[in-house]
Amino acid sequence: MTSLAKFLSGLLGSAFEQNGLPADLGVVRVSDRPDLSQFQCNGAMAAAKQAKKNPRDIAMKIIETLSEKQEFKRLEVAGPGFINIDLTEDCIAAHTQAIASDDRLGLGAYPSDTVILDYGGPNIAKPMHVGHLRASIIGDCLRRVYDYAGYNALGDVHMGDWGTPMGQIISELELRGTLGQNLTMEDLEKIYPEASKACKADEKRADMARAATAKLQDGDADYIKVWQQFIDVSVAGMKANFDALGVHFDMWKGEACVHHLIAPMVNDLREQGLALDDDGAVVVSVASEADTKEIPPLILYKRDGAVMYGTTDLATIVDRVQEYNPSKIIYIVDQRQSLHFEQVFRVARMGGIVPNGTDLIHAGFGTMNGTDGKPFKTRAGGVMKLEDLIATGIDKAQARLDDANLADDIGPDERQDIAQKVAIAAIKFADLQNNRIADYVFDLDRMTSFEGKTGPYLLYQAVRIKSLLKKAAAQSMIMSNNFKIQDEDQVLALLLAEFPDHFDLALRNNTPHVLCDYAYKIAQSFSSFYSNCHILSERDEDLRASRLGLCSLTVRQLELILNLLGIQIPERM
RNA sequence: GGUCCCGUAGCUCAACUGGAUAGAGCAACGCACUUCUAAUGCGUAGGUUGCAGGUUCGAGUCCUGCCGGGAUCGCCA
């Protein structure tokens, strides 16, 4: 199975070949002028450029080659050499039927290799804040996309649990004489900023922290014991946040997990002549002659003997290659770390840490700014905790349910469940619909609004369809996949046929917003269909059965895409 | 200063990787609920795609130079 555009690309491609032209010129896409045609092919103009011929003549020849085909209702040359394509109603109906009887809704096959996705990246001893939102939900969405495609997709939370902050906290506890006492998450959240501030202000204090970090990494038993407590307390907090968001991980690993791999890895890099001593530190130079920019060396060991996150990132690659032999490792991490990943990836390649066939991809995302365009801060000037954002969303959704007077026939448990799903849909969709790479504006009001291009709008359309199908079933109405394609139905049917194209693009570029955009178009197209056509009251029984079938297909499609986005649909709202 | 990213409607964002008349949402204005859920639909208005060149049948998209914003440039993550 595939999309109509891909199917047509095949037909046009072989027509190009029969005319002695490259098949890839036959690529067909959904027309960007729906008033003129359903699909278009622009290859004749590219062919004309190469062959120095008239593009319209080439287009005419292609059309003649295709004239026998039954699928086409209309094929014509337009403008400088566009080939405009319309399919027959029968062809569209048959394709819609094929999608409806396919479990994968038309999606083709993908490889089944292992792909590791590294996202979330919460830090020990720090509360999760809104800044973790993007990394978590983009990563989780991509994991779902790769998983659905057929890959063995594994999400790793990759906690920050082995760096300088650990030493800062431990040394702070030591100074206070409370090392070894029980700690709560609240204690940690208070102590860490104080310790961090003290280290910034005083170089001697910072030295203590560095020494403590090195001692911890050296495996000091007492330190490890306290550190393990940090982990236990912090992970409980993280899980609460991730559960609320519906973000899943297959591995709860952290930087510390790979500590035992570091020494052998560095030795290996030394033997290859890549890792060198430099002013007390151990570094790998990664600059190359072809560089247009200066790339600093990657530091494996600092002068104080402690490792840095580049070292643990590298050792994590060693671990992942050994354990899973992935074909891709994708890092969903802030775009500002692109230089860091460039360094790590280069060392991984130079040192043969990663096989040639394994792609290392930094799928970076932009900075989160406030409505003033500057890095986001709450009114009080601090960061907003993730749990506070979620709670705000749920409160707003509850209030909305009250306004709509939906309290009467829905019990408190279901109301709570609806509010939760609406809030998460709102938050996730507001974030995921933005292009991953660009900076974006974090606007709490917009994020928790339920009208227009929002998550709740998508839920609403899906819920309306579900409700309608329930009514049809209650009246024992027949639903058919023997589609009758009329004007109103055709727009929706053609749109549903595009799914594999959008999925493919989202997968290829690691861009969830493509799926958001497509899901929104489906919801919008359905909503328009819904208000233009009466479905249950349609008198033509065949048409009614066809429309019910189309509704059913639409809601399956919506549910699938929302699921890929990590958004759940309530039964009613 | 070097390098990289960004600049599209009043605001927030798209534009299928070079295609035809640049599309959505919000905000504004005007319609449509005795009819399958109005968290909705339909319509109006809103643009010299930062500026100036270039490449070509064709540029928001590619190349050059400016202007403006951001990030980053070895011992934090």
Side-chain angles (χ1 to χ4, degrees), chain A residues 5 29-33 35-36 40 42 45-46 48-49 55 78-82 84 121 123 160 163-165 168 196 199-200 206 210 255 278-281 283 291-299 301-304 306 308-310 312 333-340 343 364 366-367 369 371 373-375 397 400-401 403-404 406 422 430 433-435 437-441 443 445-446 449-454 456-457 459-461 463-465 467-469 471-472 498 501-502 504-505 509 513-514 516-518 520-521 524 527-528 530-538 551 572-573:
Chain A
R29 42 189 271 185
V30 171
S31 176
D32 52 21
R33 290 289 305 273
D35 54 318
L36 298 181
Q40 67 183 72
N42 306 332
M45 290 175 290
K49 193 179 247 177
F82 296 101
N84 282 339
N123 293 312
T164 308
Q168 291 178 342
S196 167
C199 292
K200 262 186 196 162
R210 275 192 275 268
E255 297 169 327
D278 183 285
D279 196 18
V283 306
D291 292 343
T292 55
K293 59 183 172 183
E294 193 178 327
I295 301 194
L298 185 76
I299 297 173
Y301 284 111
K302 296 189 286 181
R303 263 198 296 271
D304 60 21
M308 297 191 37
Y309 77 131
T312 52
V333 180
D334 195 311
Q335 187 59 34
R336 284 176 293 192
Q337 298 199 21
S338 60
L339 181 61
H340 165 74
Q343 292 174 290
T367 312
N369 291 325
T371 43
K374 293 175 188 163
R400 179 69 206 217
L401 278 178
D403 291 348
L406 286 167
V422 166
Q433 70 169 306
N434 293 296
N435 186 351
I437 201 94
D439 291 352
Y440 91 123
V441 174
D443 182 345
D445 291 335
R446 198 155 48 85
S449 88
F450 307 136
E451 272 150 38
K453 191 175 181 179
T454 63
Y457 172 86
L459 298 187
Y460 179 69
Q461 301 308 338
V463 163
R464 287 212 288 193
I465 304 176
S467 162
L468 189 135
L469 291 176
K471 282 196 173 147
E498 292 178 25
D501 297 328
H502 298 281
D504 206 50
L505 194 64
N509 295 340
H513 85 275
V514 170
C516 290
D517 218 53
Y518 178 56
Y520 179 69
K521 272 188 196 153
Q524 222 179 12
S527 197
S528 184
Y530 180 88
S531 52
N532 284 330
C533 308
H534 268 232
I535 299 160
L536 297 181
S537 54
E538 173 57 50
C551 287
R572 49 182 180 167
M573 62 186 277

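First the proteins, then the strands, lettered A, B, ... as listed; each starts at 1.
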Whether the side chain of A:Lys374 and the base of B:G70 hold a donor-acceptor pair under 3.5 Å is what I'd like checked.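 Per atom types, no contact qualifies.
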Would you mind classifying the nucleic acid contact of [X] as base, sugar-phosphate or nothing, using non-hydrogen atoms under 4.0 angstrom?
X	answer
A:Asn84	base
A:Gln524	sugar-phosphate
A:His502	nothing
A:Val514	nothing
A:Ile535	base
A:Lys521	nothing
A:Gly163	sugar-phosphate
A:Asp304	nothing
A:Ala281	base
A:Asp443	nothing
A:Asp517	sugar-phosphate

Whole angstroms only, please: what is the [atom1]-[atom2] distance between [X] and [N]?
X	N	atom1	atom2	value
A:Ile299	B:C73	CD1	P	12 Å
A:Asp32	B:A14	CG	C1'	14 Å
A:Asn434	B:A15	CG	C1'	15 Å
A:Arg572	B:C36	CZ	P	17 Å
A:Leu536	B:U37	CG	C1'	12 Å
A:Lys453	B:G25	NZ	P	9 Å
A:Tyr301	B:C76	OH	P	16 Å
A:Ile465	B:U40	CD1	C1'	13 Å

Under 4.0 Å: is that the gap between some side-chain N or O of [X] and OP1 or OP2 of [N]?
X	N	value
A:Ser467	B:C36	no
A:Tyr309	B:A77	no
A:Asn369	B:G70	no
A:Ser528	B:C42	yes
A:Tyr457	B:G41	yes
A:His340	B:G74	no
A:Arg336	B:C5	no
A:Ser196	B:C76	no
A:Arg210	B:C76	yes
A:Lys471	B:U37	yes
A:Gln337	B:A71	no
A:Lys302	B:C76	yes

Across all strands shown, which nucleotide pairs with [N] by Watson-Crick or G-U wobble geometry, both distances under 3.5 Å?
N	value
B:U56	none
B:G46	none
B:U8	none
B:U3	B:A71
B:A15	none
B:C33	none
B:U61	none

Base of B:A20 and ring of A:Phe82 stacked, centres under 5.5 Å, planes under 30°: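 Yes; by the centre-distance and plane-angle rule, A:Phe82 counts as stacking on B:A20.
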Apply the syn/anti split at 90° from 0 to B:U17 and say which one it is.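 In terms of base orientation relative to the sugar, B:U17 is syn.
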With syn defined as a glycosidic angle within 90° of 0 and anti as everything else, classify B:C73.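 B:C73: anti.
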A:Pro297 or A:Ala438, whichever maps to the more 5' nucleotide of RNA chain B: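 It is A:Ala438, whose closest nucleotide lies nearer the 5' terminus.
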Nearest nucleotide by nearest heavy atom, which residue falls closer to the 5' end of RNA chain B, A:Asn509 or A:Glu294?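 The residue mapped nearer the 5' terminus is A:Asn509.
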Cationic N near anionic O, under 4.0 Å, A:Glu451 to A:Arg446: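 Salt bridge: no.
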Note: A:Asp517-A:Lys453 ion pair, threshold 4.0 Å (strictly below):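 Salt bridge present between A:Asp517 and A:Lys453.
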Taking atom types as modelled, find out whether A:Arg464 and A:Ser527 have a side-chain donor-acceptor pair closer than 3.5 angstrom.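 Yes, because at least one side-chain N or O of A:Arg464 sits under 3.5 Å from a partner of the opposite role on A:Ser527.
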Ignoring hydrogens, what is the shortest heavy-atom contact between A:Ser449 and A:Thr454? Give both atom names and the distance.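 That closest heavy-atom pairing would be O-CG2, 3.5 Å.
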A:Gln335 versus A:Thr367: any side-chain heavy-atom pair under 4.5 Å?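 Counting from C-beta outward, A:Gln335 and A:Thr367 never come under 4.5 Å.
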Find out whether A:Lys302 and A:Val283 are in side-chain contact, i.e. whether some heavy atom of one side chain is under 4.5 Å from a heavy atom of the other.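 Side chain of A:Lys302 against side chain of A:Val283, heavy atoms only: no contact under 4.5 Å found.
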Plane angle bin for A:Tyr309 and A:His340 - parallel if under 30°, tilted between 30 and 60°, otherwise perpendicular: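 If you compare the ring of A:His340 with that of A:Tyr309, the planes turn out parallel.
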As a quick check of understanding, evaluate ring-ring contact (aromatic ring centres under 6.0 Å, His included) for A:Tyr460 and A:Phe450, giving each step before the final call. CA-CA 10 Å; A:Tyr460 179 69; A:Phe450 307 136; over 10 Å; no
